[in-house]
Asker: 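Right, I'll just put the structure down here and ask away after.
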There are 2 protein chains.
Amino acid sequence: MMDHELKLFLSVAEHLHFGKASQACHLSASALTRSIQRLEGELGHKLFIRDNRTVQITEAGLLFKKYALKAVQEWQAVREGLEDRDLIYGELSIYSSLTAVYSVLPELISLFSRDFPEVKVGLRTGAEEEAIEKVLEGEIDIAVAALPDKKVKGIEFLPLLVTDLVFVGAKSPTLPSPASSLEMPLVLPEKGVSRVRVDKWIKQQGEVTKQIMEVSGNEAILAMVSLGCGVGVIPELVLEKSPFSNEVEIIDTGADLEPYTVGLCSTKKNLEKASVGAFWETAKQGVLKGAV
Amino acid sequence: MMDHELKLFLSVAEHLHFGKASQACHLSASALTRSIQRLEGELGHKLFIRDNRTVQITEAGLLFKKYALKAVQEWQAVREGLEDRDLIYGELSIYSSLTAVYSVLPELISLFSRDFPEVKVGLRTGAEEEAIEKVLEGEIDIAVAALPDKKVKGIEFLPLLVTDLVFVGAKSPTLPSPASSLEMPLVLPEKGVSRVRVDKWIKQQGEVTKQIMEVSGNEAILAMVSLGCGVGVIPELVLEKSPFSNEVEIIDTGADLEPYTVGLCSTKKNLEKASVGAFWETAKQGVLKGAV
DNA sequence: TACTCATATTGCACATAATGCAACACTAAA
DNA sequence: TTTAGTGTTGCATTATGTGCAATATGAGTA
C-alpha cells in the first residue's frame, strides 16, 4: 500500500486508543506507536497527546485528519477508477489441489475471467497440504486450501465452503459393519488439516493404534481405498466430484471430525496486486451470491 | 517521504525516459524500473509502454498522472500548512566544530529559534573531521562541516561560506622569511578536508618531507602554533574568530591551497524530519539574505 | 549480415526500514 | 501497596528498497 501510514493514523484518530487501533489494523501496538512517531517527526507536530491513560487528538492532528481522509479516499478512487476504466492488466498464479480443481475453482476462474479477461491466469496443482507454503514462499499469488486450525501468520483466508470429513471404504456387495471397517488400515495424507483432525480423533479414541498408510493427495487416498487397501478420510466434497465416487462409499463410524473449510489463501502483500485483489473480491461476491 | 513512488512516476511521465528520470531522482535506473513495476502491479495497469527505444505513457498512465500531481501537491500543502499553522514541534541535534560555533552557528541558531521556538535544539561540539561520520551514524541530525572534496554518498550539503586555508606561524618581533618558516614542523589535523588539501600540496611540492605534528581540532593547531611549535594550516575564518588571533600571524608561502567551503551536512532521511528541514531552509534563506 | 550503441530489465547481494515480542514505565483504581 | 491497563522502548528478525553488473532487445551502421 501507499497509504499505509495514513490508514494507521486514521485508525488511531478514530479509536483514540493505540491498543484497539493496532488490533484493527492487524499489527502490533509497538509498530503502530512508531508509525505515529515517524509521522509526527515528519510533520513536526504532535498529532496525539498520550497520557498513558487517554489519547487526545491535537489541533494539528485534526487538521491532518482532514487531509488523511481525503488522501485515502482519493487514492482508492483512482484505484477503482482505473479498475473500472478498462481492463485490469496483470498476472495471477493460482495454486490448487486437484480436489479444488474439481470443485470450486472452475466457477471462480470463469467468473473472474469474465470480468477481467486481460489477466493471464496461471494454475498449478499439487498437494493441498503444500498450498500455504507455496503462498508464503511467494511462488504463488493465491491458493485454494483448507483453513488451518490455528491462524498462520501472514496468511489471509477467505472461506468459500465447508465440507465434512468422512470415512470411506471400498464399496462391497455385503456391507461390512462399521466395526470391521475400522479394523482395516487407515489411509491418510502425510500432513495437512485433515491429518491433524484425524490424529486428534485417534488420540481421543484412546490407544487403539491402527495401522496407518500415508499417501499424498486425496485422490491417492481414494485410489488406495478403492483398491481395498483400507479406510480413508477425505472431505465429502472430494468424494462427490471424484471419478472414484462409484467405487467407494461413506462409512458411518460415528466419529465426530470437525468439518473442513476450504477457501482462498494469500498474503497481505499479494492482495495489494490489483489482479490478486480483484480475484479475491470476485470470489467474495461469488460466495455472497451463492454462485460458488 | 510518503509520496516517493508518486514522485518517481511523475518524473518518468515527464521525461518519458527511464535513464533521465532516474538521474533526476538520484537513484539507479533499476530501482526506478522496479518502482514503476510495483505501481503497475498495484494498479493493475501498465502505465508506460516501453519499447526498448521509446517510452510512451498509456491512457491509464495519463489518468494516474492527474491523480499523482494532485496528491503530491496536497501532501506538500498539508506539510506546509501545518508548518505555518503553529509551532513546529520536535528536536534537533546539531554537531559543530568549535570553529563553527564561533562563526556561523550563532546567527543560524538565533534565526531558527526565532521562527521555531518550540524546537529543542541540542548542540554538540567536536572535531570538524568527525562531523560527517556523526551524521551518517544517525547520532546527529545536522552538522556544520567542510565540503568534502568528493561527494559523500548519502550526504546532502548546503554551502554557507567559503574561506581560504592559510598558513600561520607564531607572531615574532622580526618577521621570519617565508623560507625559514617552512623549515619548521607542520602542525596539521589528523584527518579532514584541510589535511587532504595540505597533503595534496605537499605532494605537488615534491619530496620536501617535512616534520608533521598531528593534532585534532583547529583550536589545538592554533594553540600549538602560538607556542612556537611550528607552522599550522587553518581556515582563515578560524583565525579571525579565534582568541589566539593576536598571537599568530598569516605566513604568505605562496602555496596555492584550494579554499574551503563550510556548510550544513545532513542526510536525505534526516531532512524529512520537519525540524531538520526547517533548519535547513532557514539557513538557506539566511545565506540568500546575506545574514550569515 | 555482423557489429555497436542505446536502453530497459533482471539476478544477486547488501543496506535500510518496518515489525513483533518481551520488558519496561507510568498512572489510576482497589 | 498491589493490580490492571496502556503506551513506549530494546532487541532480534524480517521485509523492502537499492545499486552494480550482467542480460536482453532492437535500431542504426559499416
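We use all heavy atoms of the structure for the numbers below, so side chains are in, but hydrogens, waters and symmetry mates are not. Just so we're clear, the structure is a prediction, and the values are computed from it rather than from any experiment. Chain letters run A, B, ... following the sequence lines, proteins first, then strands; residues in each count from 1.
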Asker: It should be established whether His4(A) places a side-chain nitrogen or oxygen under 4.0 Å from OP1 or OP2 of nucleotide dA18(C).
Answerer: no
Asker: Which whole-number value in Å describes the distance from Lys46(B) NZ to dT9(C) C1'?
Answerer: 11 Å
Asker: Taking for each residue the nucleotide of DNA chain D with the nearest heavy atom, is it Ala31(A) or Arg34(B) whose nucleotide lies nearer the 5' end?
Answerer: Ala31(A)
Asker: Could you go through the side chain to side chain contact (heavy atoms under 4.5 Å, CB included) check for Val55(A) and Lys20(A) one step at a time?
Answerer: CA-CA 12 Å; Val55(A) 176; Lys20(A) 288 173 193 163; over 6 Å; no
Asker: Can you measure Phe18(B) atom CZ to dT23(D) atom C1' for me and round it to whole angstrom units?
Answerer: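 The answer, rounded to whole Å, is 17 Å.
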Asker: Report the nucleotide, chosen from dT19(C), dG7(D), dG19(D), that has the shortest atom-to-atom distance to any side-chain atom of Ser35(A).
Answerer: dT19(C)
Asker: Using heavy atoms to find the nearest nucleotide of DNA chain C for Gly19(B) and Lys269(B) separately, return the residue whose nucleotide is more 5′.
Answerer: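 The residue mapped nearer the 5' terminus is Gly19(B).
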Asker: Whole Å only: how far is the NE2 atom of His15(A) from the C1' atom of dG7(D)?
Answerer: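 Checked: the NE2 to C1' distance equals 16 Å.
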Asker: Between Ser35(B) and Arg38(B), do the side chains contain an N or O donor and an N or O acceptor separated by less than 3.5 Å?
Answerer: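 Result is yes, a qualifying pair exists.
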Asker: Given dA22(C), dA21(D), dA8(C), identify the nucleotide with an atom nearest to the side chain of Ser30(A).
Answerer: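 Out of dA22(C), dA21(D), dA8(C), the nucleotide with an atom closest to Ser30(A)'s side chain is dA22(C).
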Asker: Just how far, in rounded Å, is C1' of dT8(D) from CZ of Arg38(A)?
Answerer: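 Interatomic distance, CZ of Arg38(A) to C1' of dT8(D): 14 Å.
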Asker: Expressed in angstrom and rounded to an integer, what is the separation of Leu32(B) atom CG from dT9(C) atom P?
Answerer: 9 Å
Asker: Of the candidate nucleotides dG7(D), dA8(C), dA22(C), which contains the atom at the shortest distance from the side chain of His17(A)?
Answerer: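 So the side chain of His17(A) is nearest to dG7(D).
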Asker: Starting from P on dT16(D), measure out to CD on Glu42(B) and report it in whole angstrom.
Answerer: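 About 11 Å, once rounded to whole Å.
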Asker: Salt bridge check, Glu281(B) against Lys284(B): does any charged N sit closer than 4.0 Å to a carboxylate O?
Answerer: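 Salt bridge between Lys284(B) and Glu281(B), a charged N being under 4.0 Å from a carboxylate O: yes.
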Asker: Tell me the interatomic distance from Glu40(A), atom CD, to dG7(D), atom C1', rounded to whole angstroms.
Answerer: 12 Å
Asker: Please check the phosphate of dA8(C) (OP1 and OP2 only) for any side-chain N or O of Gln37(B) closer than 4.0 Å.
Answerer: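 So the side chain of Gln37(B) is outside the cut-off, no N or O lying under 4.0 Å from OP1 or OP2 of dA8(C).
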Asker: Compare side-chain N and O positions of Arg50(A) against OP1 and OP2 of dC26(C) and report whether any pair is under 4.0 Å apart.
Answerer: no
Asker: So, does the side chain of Thr33(A) form a donor-acceptor pair with the base of dG7(D) at under 3.5 Å?
Answerer: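 Under the 3.5 Å cut-off, the side chain and the base do not form any donor-acceptor pair.
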Asker: Would a line drawn from the ring center of Phe48(A) to the ring center of Phe64(A) be shorter than 6.0 Å?
Answerer: no
Asker: Without decimals, in angstroms, what is the distance between Ile36(A) CD1 and dT8(D) P?
Answerer: 9 Å
Asker: Output yes when Asp199(A) and Lys203(A) qualify as a salt bridge under the 4.0 Å nitrogen-oxygen rule, no when they do not.
Answerer: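 Result for this pair is no, no salt bridge flagged.
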Asker: Could you tell me whether the side chain of Ser28(B) has a donor or acceptor atom within less than 3.5 Å of a complementary atom in the base of dC20(D)?
Answerer: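 Check fails, no donor-acceptor contact within cut-off.
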Asker: Check whether any side-chain N or O of Lys268(A) sits under 4.0 Å from OP1 or OP2 of dA15(D), and answer yes or no.
Answerer: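 No, outside the criterion.
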Asker: Of all the nucleotides listed (dA4(D), dC20(D), dC21(C)), which has the minimum atom distance to the side chain of Arg53(A)?
Answerer: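 The answer is dA4(D).
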